Amino acid sequence: MSKPDLILLALDESPTLHLMERALHAAGYLTAIARERTALDKALQENTPALVLLSETLDGEKGAQLVEEILGRFPTLPILFLAAQNSAVLMQEALQAGISGYLQPPLHTQDIVDAVESSLKRAHYMGDWVRREVKRTTASLEKRVNELETLVKLGRDITGTLDLDTVLNNVVTAAVKLTNAEEGSLLLLDEKSGELYMRSGHNFEEGFAKSFRLPVKDTLAGQVIQTGKPVMLSETALHKIKTAYLVQSLIYVPLRQKERVIGVLGVDNRQHKIPFSNRDALLMSILADYAAVAIENARLYQISENERTKFETIFSNMEDGLMILDADQRILLVNNMICAAFGLNASALQDKLVTEAITHADLLNLLQRSNKDPLRYHEINFDDGRVFNAQYTPIPGVGSAITMQDITYLKELDRLKDDFVHTVSHDLRSPLTAVLGYAELLERIGELNDQQREFVRRIQSSVQDITALVNDLLDLGRIEAGFDTHREIIKLDGILQYTLANLEHRVKKKKQTLNVEIAPQLPPLRGNPIRLRQMLDNLIGNAIKYTPAGNDVQIKLRSEGNQIILQVSDNGPGIPADDQPHIFDKFYRASNVPSGSSGSGLGLAIVKTIVEGHQGRIWVESTLNKGTTFFVVLPAYKPEQ
Ligand code: ADP
């Protein structure tokens, strides 16, 4: 048995109060009494009465006013209003305040009980209705929330999972779940065969799903592909022909990629005849969009993955070493060749500062010089004899690249060639000295006629040329081999005087003018006087040799900062632009050298080796038919502090 209803009697102390109490008890109700406002509030809060019986006034407060307040807090609570006398105005006021019944004298027990009962009944009805409604709306809200949760989760799946199978299975499962369908499938168009195949299925037998093939023509799914419009069937007719299996109801929605329809997402019922709703169709379209996005993502990912693999294969298998640095010189990428060259493994290099990860002096030097002059060719030498040619190339927006090629075998060839030249020239020297000696003796042992004398002179001149060449070769060999280490503190202007004195007769012979400008207080430098003399002899000798008779040669010596600068200029034939990059190579002579002009093409190679051996730099500026200037910059001597 359910608990009896509690009736709250909000009445002043009076015979009526007791009459009511007795009558209600007799009718099986429980009662509580509130004689003033505080007790009324407390009883309402704590006892949760089923009905309130309120008198016209309570402890001096107006009943109609109290009705409003009570209903403000408990809108469904039934209130019976008890009037002290029959008053139309009062009744109207109370009704407006929202009472559910009205009692007025004369009061009979039965009337009271009847009024209470009918008010309670109405309240119960209302309560039941409200509960039912709440339940209904809550269930529908819950369904919507579930739908949304499923969609949000799928969205997350698509962005978070790269496995297309999982995502598509989840889409189909969600479609089945959200539409309460029996089966679901995702059909994709096979571009080659023009048929639809089942990419993913829910509640289909595996064998059936695998072998499933559906033509586009004359099928419902094909119709969706062709028209791009969804199809929803809910009539009771069976649709075997058009679906490949018997269904009672179904929804097919298109999977769109841009303007193209690439497949169909479908759900169906084979057993139940419950039709699908428009909302189901809407949910299916959202899911189909998800599936299309996932397929496109997977396609793009596959493309970038293929590109990455291709790049990685090329990168790691290329013969040359390659290292990519970011703008802060951290290693972004490095290939096997570089790792092997430095004997390091890739993980020890990744993301490290290159200057910390690879401490090879030649590489550090390259990086240091790269700031001043990008794209430098530079040698990296290893203790075991390997030599690499390295280049530094800035890459805008990324940082820079360092490439390295193994040139050990080229170096070896160069060395063999030098050895050969050195040996041959050495062995040539003694017979040449003998030839020269005997040529000189010829005149002493008997009178020669003019023609014989001329022949002897030519022999001597030719032998001198060969001897000069052999001497040059030997010098070059010695300097290049690093034997030339002698250094002293010297003044270049002093050495220049010797050269000038030595070349004076040639200048005079060609009627040339030699202008010499030497800046005062030229600092000394640390060097080998014999080699520096050789350098001056060659540069000034060339200017005299190549400049036509009567022209000018200018020599300037000055200092700038910590450097001594030598300039040798002439207004001779100049050097063609194409030849300029090669004139410091061994045996190279420019294309405009007149035939018959003496020389071997070794002079400038020697000069360059000497200059570099003194930590200096040399370059040429020349204009054809205007003249040539050679610049040499050498470091001045800085006494150690
Ligand atoms: P060479 O023995 O031919 O003088 P060098 O090595 O001294 O050899 O010079 C290389 C080439 O550079 C010369 O053959 C010549 O073509 C060019 N050259 C050098 N100096 C001058 C100059 N002052 N004027 C014009 N050409 C020059």
Side-chain angles (χ1 to χ4, degrees), residues 414 417-418 421 425 428 432 461-480 496 499-500 502-504 506-507 509-517 530-557 565-614 616-633:
D414 205 36
K417 188 199 73 193
D418 287 350
V421 170
S425 36
L428 272 177
L432 282 176
S461 149
S462 297
V463 172
Q464 267 157 6
D465 279 353
I466 302 175
T467 314
L469 169 65
V470 169
N471 283 340
D472 277 353
L473 281 174
L474 287 175
D475 276 345
L476 198 56
R478 230 172 274 132
I479 303 167
E480 282 184 343
L496 177 64
T499 298
L500 295 177
N502 188 35
L503 294 171
E504 206 181 332
R506 279 176 60 189
V507 177
K509 217 168 139 193
K510 284 190 85 175
K511 298 195 173 50
Q512 289 169 328
T513 327
L514 255 186
N515 295 316
V516 183
E517 277 177 39
I530 298 174
R531 298 292 169 223
L532 291 172
R533 165 84 190 273
Q534 225 172 345
M535 170 192 87
L536 291 169
D537 285 355
N538 269 310
L539 289 175
I540 302 169
N542 273 352
I544 295 167
K545 177 163 72 173
Y546 292 110
T547 307
N551 283 24
D552 299 342
V553 172
Q554 202 173 43
I555 298 153
K556 283 190 194 167
L557 253 184
I565 300 161
L566 164 73
Q567 239 171 290
V568 181
S569 316
D570 61 57
N571 51 5
I575 302 168
D578 284 352
D579 291 319
Q580 288 179 23
H582 307 291
I583 52 164
F584 296 102
D585 294 349
K586 287 171 210 164
F587 303 110
Y588 193 91
R589 308 196 75 195
S591 48
N592 63 339
V593 170
S595 61
S597 110
S598 68
S600 61
L602 275 179
L604 288 181
I606 294 177
V607 170
K608 186 167 191 251
T609 318
I610 294 173
V611 170
E612 287 178 351
H614 285 77
R617 284 191 300 136
I618 180 166
W619 70 97
V620 68
E621 283 174 11
S622 181
T623 314
L624 208 55
N625 302 323
K626 288 249 167 72
T628 305
T629 302
F630 282 91
F631 293 86
V632 174
V633 177

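Note that ligands are numbered from 1 as they come in the structure, with each ligand's atoms numbered from 1 the same way. These numbers come from the heavy atoms of this one structure, side chains and all, not from hydrogens, waters or symmetry mates. Remember, it's a predicted structure, so these values are computed and weren't measured experimentally.
When only interatomic distances are considered, the shortest N/O to N/O separation between I583 and ligand 1 does not fall below 3.5 Å. Checked by distance only, ligand 1 and K545 come closer than 3.5 Å through their nitrogen or oxygen atoms. Taking any N or O of G599, backbone or side chain, none lies under 3.5 Å from an N or O belonging to ligand 1.
The protein non-hydrogen atom at the shortest distance from atom 8 (O) of ligand 1 is G601 CA, 3.1 Å. Scanning all protein heavy atoms for the shortest distance to atom 7 (O) of ligand 1 gives N542 ND2, 2.8 Å. Closest to atom 23 (N) of ligand 1, if we only count protein heavy atoms, is D570 OD2, 2.9 Å. For atom 4 (O) of ligand 1, the closest non-hydrogen atom of the protein is Y546 OH, 2.7 Å. The shortest contact between atom 6 (O) of ligand 1 and any protein heavy atom is with L604 N, 2.7 Å.
Looking only at side-chain heavy atoms (C-beta outward), L566 and I555 come within less than 4.5 Å of each other. Contact check for V553 versus N515: no side-chain heavy atoms found under the 4.5 Å cut-off. The shortest side-chain heavy-atom distance between I575 and L624 does not fall under the 4.5 Å cut-off.
Under the 4.0 angstrom criterion for non-hydrogen atoms, F630 is in contact with ligand 1. Residue contact annotation: S600 has a non-hydrogen atom under 4.0 Å from ligand 1. Ligand 1 is never approached by N538 to a heavy-atom distance shorter than 4.0 Å.
Here the closest heavy-atom approach between residue T629 and residue S569 is recorded as OG1-OG, 3.1 Å. Smallest separation of non-hydrogen atoms from P576 and A590: CD-CB, 4.2 Å. In this structure, Y546 and P573 approach most closely via the heavy-atom pair O-CD, 3.0 Å.
Close contacts of ligand 1 with G603, meaning ligand atoms under 4.0 Å from a residue heavy atom, involve 5 (P), 6 (O), 7 (O). Every atom of ligand 1 with a heavy atom of R589 under 4.0 Å away is listed here by number and element: 1 (P), 3 (O), 14 (O). For ligand 1 and A590, the ligand atoms under 4.0 Å from any heavy atom of the residue are 14 (O), 16 (O). If you number the atoms of ligand 1 from 1 as listed, the ones under 4.0 Å from a heavy atom of V593 come out as 14 (O), 15 (C), 16 (O).
Contacts between I575 and ligand 1 below 4.0 angstrom, taking non-hydrogen atoms only, involve the side chain exclusively. Under 4.0 Å from ligand 1, the heavy atoms of Y588 that appear belong solely to its backbone.
A salt bridge links R531 with D475; the closest basic N to acidic carboxylate O contact falls under 4.0 Å.
Between D552 and Q512, the side chains place no donor N or O within less than 3.5 Å of an acceptor N or O (distance only, hydrogens not considered). No side-chain donor from either of S600 and R589 sits under 3.5 Å from a side-chain acceptor of the other.
Side-chain N or O atoms of R617 include none that pairs as donor or acceptor with a backbone N or O of V632 at under 3.5 Å. K586 contributes no side-chain N or O that, together with a main-chain N or O of L473, makes up a donor-acceptor pair within less than 3.5 Å.
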